[in-house]
There are 2 protein chains.
Amino acid sequence: MVTIADVARHAGVATSTVSYVLSGKRTISPDTRERVQRSVRALGYRPNASARALASQRSNVVALVIPLRTDMHVPVLMQFAAAIVTAARRFDHDVLLLTADEGPAGLERVAQSSLVDALVVMDVELQDERVPVLRDLPMPSVLIGHPEEAGGLTCVDLDFVAAGALCVDHLADLGHRSVALLGTPSTVYERQTAFAERTLTGFAEAAARRGVVGVETPCEHTFDAILETVGQLLHDHPDLTGLVVQNEPIIGPLLDVLRRLGRRVPEDMSLVAICADDVAERHVPQLSSVTIPAEQMGTLAVESLIAKLAGSTVPELTLLPPTLTARGSSGPYSDRTTA
Amino acid sequence: MVTIADVARHAGVATSTVSYVLSGKRTISPDTRERVQRSVRALGYRPNASARALASQRSNVVALVIPLRTDMHVPVLMQFAAAIVTAARRFDHDVLLLTADEGPAGLERVAQSSLVDALVVMDVELQDERVPVLRDLPMPSVLIGHPEEAGGLTCVDLDFVAAGALCVDHLADLGHRSVALLGTPSTVYERQTAFAERTLTGFAEAAARRGVVGVETPCEHTFDAILETVGQLLHDHPDLTGLVVQNEPIIGPLLDVLRRLGRRVPEDMSLVAICADDVAERHVPQLSSVTIPAEQMGTLAVESLIAKLAGSTVPELTLLPPTLTARGSSGPYSDRTTA
DNA sequence: CTGAAAGCGCTAACAC
DNA sequence: GTGTTAGCGCTTTCAG
């Protein structure tokens, strides 16, 4: 292994000079810099990460805590992860992957051992037990999602309240008077996952405001569950003509189920999904949707973290405004009995 | 921050004694051990990861290189990642997440800086440019998947050749005489992804051996592409009654397409998928399938790595035998014209 | 603009 | 069974 001392010797300078050439933390004469850089290349020198971390008190690693639950939509998680890794690399940081099932203890472990110098936490619940833990850690963290009490922590999230409302508004604008939110599996609500709860809130508020009937129901991932849930919904609300779907994996089967039940999309039933754009575009018909800007959120989270590491203060809460793209799955209300 | 010296002072022993109590690398009198452990708890001591890594030349971190391609089936990747993180934690290791798009240089970076002390690489191609790089690194690595020339590297994989053959055998045993492999998107073949190519090989060999007609075609993920691909297939091979599908995300739409084309499953068309069990069970009808044992493979990969770190030699190639579970999507051949 | 040297916190000889 | 201490490779004062 080639060390900084080897480089220094090869370049005929002190180790500190090599260090400063590499970090740019003090001015070096062009001549010396050249010589050192040449030596670095000649010897194939790579600074030792542990030594550097020990001396500088910075590991240049951020932790990413990701849920492993089967009730979450995995591709979206992956988009977040990809965006976070990519953004972190841009700032010369690496990403340590933690699974949520290590719980708060896992956060303490990696933080207190200085394995990482910042944390990104996903899959936030309204009353998240990790919030107090994170607040007491001696390093910055960013939540993707926002709990009821963030207590000084930094949160980045899509404004899911507004997203829920936006979907209702879209359907109401099209003339629909009775709409339903087909949500995540019930386990997601049971643990009060923030995004799901907030969407619910926005959906209900907007329905009330617009004077439309708005019902909400969770929905599991199996075909039979979808059939059952939608069947029940249509039975209880025969005049239902609008559906907001916040449950990506059920979309395909849902379209089947509607077909099976003799409801055409969008003629008899308008659909708006809250999902990634590529998912919305993959279906037939393509789905009107509020996009989940995973890449933007992940990038933003990392940028906030880096800013905090640099000592800047960042806003406590950044809520991205939702945008709705109308595609083929939603259309104007028409009375089926007239058609 | 509380250091090992603080603990030593508090317990009235030398720092080395604290170190040895923690590592168990030499015998300590029960009395001293007790005292030290009490001090550790009292002070809330956590060994500093960088200091430990620097002194011991072991970071206790393994790199996981994961593809970010959209043509891969993401949930399976996640299952691998989850299994690898979980297994690594059992051996007191953490996982650094690298995306494949950093390329071979990314591997060199984390390895040569001693950020990690072993690597797990996924999404292997037959001629993988990372193989020579990995071989030259001063630390062990394990590939999940196997290239043509592993050149001394350790590989863990499902026996995809056998998997492809197993599907054909299953269909041939049911009396089918003309079968097709509906494969991954063409980009996956173009870069000669190992699992896809090997499945192709096994499929073709078995078809020849069993004397059945076996055709192969890639398939993209969009609904239109599936419709087009299957339509072409049925046009070219009107007597086709068996389909092997190695392309998880298309399975849902494929079932639609077949319905649309008037082919009932399994009465008119038998289906066998190569996919995770939960995917197979989610569809209607449930799919006969060869499972991808992601958890087992991930665990095995980590165990091999840990063994190599401990100096053991492990087999160069571990191929897991495929198992086929017959479910509702495959049935005996019957002549449609007779039906 | 550059060098010398004191740590960073821990492990692992070496000594007893 | 336990203590002493020399590093691990780097960063960053402190000096000049």
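Atoms considered below: every heavy atom in the structure, side chains included; atoms not considered: hydrogens, waters and symmetry mates. Chain A is the first sequence line, chain B the second, and so forth, proteins listed ahead of strands; every chain is numbered from 1.
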Subject >> Flag for B:Gln79-B:Glu295: side-chain donor and acceptor within less than 3.5 Å >> reply: no
Subject >> Flag for B:His146-B:Arg198: side-chain donor and acceptor within less than 3.5 Å >> reply: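 There is such a pair (donor and acceptor under 3.5 Å, judged by atom type) between the side chains of B:Arg198 and B:His146.
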Under-4.0 Å salt bridge between [X] and [Y]:
| X | Y | value |
| --- | --- | --- |
| B:Arg89 | A:Asp101 | no |
| A:Arg109 | B:Asp94 | yes |
| B:Arg191 | B:Asp123 | yes |

Subject >> No-H, no-angle donor-acceptor pair, A:Arg26 side chain to C:dG3 base, under 3.5 Å >> reply: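 For A:Arg26, whose side chain was compared with the base of C:dG3, there is a donor-acceptor pair (under 3.5 Å).
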Atom-to-atom span, [atom1] of [X] to [atom2] of [N] - whole angstrom:
| X | N | atom1 | atom2 | result |
| --- | --- | --- | --- | --- |
| B:Glu34 | D:dG1 | CD | C1' | 16 Å |
| B:Arg52 | C:dC8 | CZ | C1' | 16 Å |
| A:Met1 | D:dG7 | CE | P | 18 Å |
| B:Arg33 | D:dG3 | CZ | P | 14 Å |
| B:Ile4 | D:dT5 | CD1 | P | 16 Å |
| A:Leu22 | D:dC10 | CG | P | 9 Å |
| B:Asp6 | C:dC8 | CG | C1' | 14 Å |
| A:Arg35 | C:dG3 | CZ | C1' | 13 Å |

Output the single nucleotide from [options] whose closest atom is nearest the side chain of [X].
| X | options | value |
| --- | --- | --- |
| B:Ser29 | C:dC10, D:dT2, C:dC1 | D:dT2 |
| A:Thr32 | C:dT2, D:dC10, C:dC10 | C:dT2 |
| A:Gln57 | C:dC8, C:dC10, C:dT2 | C:dC8 |
| A:Ala55 | D:dT2, D:dG1, D:dT11 | D:dT11 |
| A:Val13 | D:dG3, C:dC10, C:dG3 | C:dG3 |

Original post:
With sugar-phosphate meaning primed atoms plus P, OP1 and OP2, does B:Thr3 contact a base, only sugar-phosphate, or nothing at under 4.0 Å between heavy atoms?
Top reply: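 Touches sugar-phosphate only.
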Subject >> Touch class at under 4.0 angstrom, heavy-atom based, for B:Val18 against every strand present >> reply: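 Nothing, no heavy atom under 4.0 Å.
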Check the phosphate of [N] against [X], side-chain N and O only, distance under 4.0 Å to OP1 or OP2. Yes or no?
| X | N | value |
| --- | --- | --- |
| B:Tyr20 | C:dA13 | no |
| A:Thr15 | D:dG9 | no |
| B:Ser56 | C:dC10 | no |
| A:Lys25 | D:dT12 | yes |
| A:Thr17 | C:dT2 | no |
| B:Ser16 | D:dG3 | no |

Subject >> Main-chain N/O of A:Ala11 paired to A:Arg35 side chain as donor or acceptor, under 3.5 Å >> reply: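 Answer holds: yes.
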**OP:** For B:Pro30 and for A:Ala49, locate the closest nucleotide of DNA chain D by heavy-atom distance; then report the residue assigned to the nucleotide nearer the 5' terminus.
**Re:**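 Upstream on the strand: B:Pro30.
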